[in-house]
Amino acid sequence: GESVGLHLPTLSVQEGDNSIINCAYSNSASDYFIWYKQESGKGPQFIIDIRSNMDKRQGQRVTVLLNKTVKHLSLQIAATQPGDSAVYFCAEFQGAQKLVFGQGTRLTINP
Amino acid sequence: KAGVTQTPRYLIKTRGQQVTLSCSPISGHRSVSWYQQTPGQGLQFLFEYFSETQRNKGNFPGRFSGRQFSNSRSEMNVSTLELGDSALYLCASSLSGRRYEQYFGPGTRLTVT
């Protein structure tokens, strides 16, 4: 069946450290993989996407890695800041039709 | 450029009633998708509209329906509300050529009592 899951439901990091959020997916036919950030009371915010024919993509303070061999996706956030506290979702764009989301990881920043 | 807007932000209804939620996409975005978010099921795809036509549909009962207008604004309707329909309903818009890059509104929090 279709599923996009996350290894850890919660993650706590020290301010200034790097954060790594992981995600496992099951549909190897997906064209794109996307990371979203959702802050309390808000809708998900697009962070970065990676096409299935890539293995790495960098944005501002974020890097997404895609390992198709083990069907694993990760989001790395450099120098984590208090404003990075949120729930992070991975999603895959399946069949060029719809986004299928994982359950989310709550990232907490410790001062 | 203004983001996706949804109205109302909060809504309380009783079982058996129906509800209509509204979404205005980002200017220039013609694709609008709807999602339901609950603590138990997470984010689940409801349907997608493009050029006033439903392009895709998720696994939800027929009580959930939607439509899109010529200006790309969209509405979704839930009839015969059940307690389990309590959720955050999110609308997302995208460019037709980049449907994987969806931008979400703040959502409508629906509570069914």
Side-chain angles (χ1 to χ4, degrees), chain A residues 1-10 21 23-27 29-54 57 59 62 64 66 73 75 86-106, chain B residues 1-10 21 23-26 29 31-50 53-60 64 66 87-110:
Chain A
E2 54 187 44
S3 66
V4 179
L6 291 158
H7 291 309
L8 297 172
T10 60
I21 303 171
C23 175
Y25 65 91
S26 61
N27 191 333
S30 293
D31 297 314
Y32 288 89
F33 300 88
I34 306 100
W35 282 100
Y36 282 89
K37 171 186 180 183
Q38 187 174 25
E39 297 174 275
S40 181
K42 297 183 179 180
Q45 175 189 350
F46 179 93
I47 301 173
I48 191 169
D49 66 85
I50 186 167
R51 193 167 181 173
S52 59
N53 62 355
M54 301 171 67
R57 189 173 185 208
V62 296
V64 57
L66 176 63
L73 185 70
L75 177 70
V87 176
Y88 290 80
F89 294 94
C90 64
E92 54 182 314
F93 191 60
Q94 290 190 350
Q97 293 188 0
K98 63 180 181 180
L99 287 177
V100 176
F101 284 84
Q103 288 301 306
T105 293
R106 181 173 299 280
Chain B
K1 189 179 276 192
V4 177
T5 58
Q6 292 187 244
T7 56
R9 291 293 311 278
Y10 302 92
L21 312 181
C23 170
S24 292
I26 292 172
H29 287 193
S31 176
V32 174
S33 298
W34 288 88
Y35 295 83
Q36 180 195 66
Q37 186 175 28
T38 61
Q41 299 298 317
L43 275 153
Q44 293 188 292
F45 172 77
L46 279 157
F47 28 65
E48 179 197 10
Y49 284 86
F50 177 77
T53 301
Q54 186 180 89
R55 185 151 58 178
N56 295 301
K57 190 177 190 305
N59 297 323
F60 279 83
F64 292 82
L88 181 67
Y89 290 89
L90 293 157
C91 166
S93 72
S94 63
L95 292 169
S96 57
R98 296 176 70 87
R99 290 163 60 206
Y100 58 91
E101 188 175 330
Q102 298 186 13
Y103 293 87
F104 285 79
T108 294
R109 172 72 63 185
L110 173 64

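Convention: sequence-line order gives letters A, B, ...; per-chain numbering from 1.
- Neither the backbone nor the side chain of B:Q6 comes within less than 4.5 Å of any heavy atom of chain A.
- Counting heavy atoms from C-beta outward, A:Y36 and A:Q38 have side chains that stay 4.5 Å or more apart.
- At a 4.5 Å heavy-atom cutoff, the contact between B:L43 and chain A is made by backbone and side-chain atoms alike.
- No part of B:Q44 comes within reach of chain A, as not one of its non-hydrogen atoms sits under 4.5 angstrom from that chain.
- Contact annotation for B:R109: neither backbone nor side-chain heavy atoms come within less than 4.5 Å of a heavy atom of chain A.
- Of the two parts of A:I34, only the side chain, counted from C-beta on, holds a non-hydrogen atom closer than 4.5 Å to a non-hydrogen atom of chain B.
- Partner A:F33 forms a side chain to side chain contact (heavy atoms under 4.5 Å, CB included) with one of A:L73, A:L75, A:V64 and no other, that one being A:L73.
- Side-chain N or O atoms of B:N56 include none that pairs as donor or acceptor with a backbone N or O of B:E48 at under 3.5 Å.
- Using modelled atom types and a 3.5 Å distance limit, the side chains of B:Q36 and B:Y89 yield a donor-acceptor pair.
- Note: B:F104 and B:Y35 have tilted aromatic rings, judged against thresholds of 30 and 60 degrees for the angle between ring planes.
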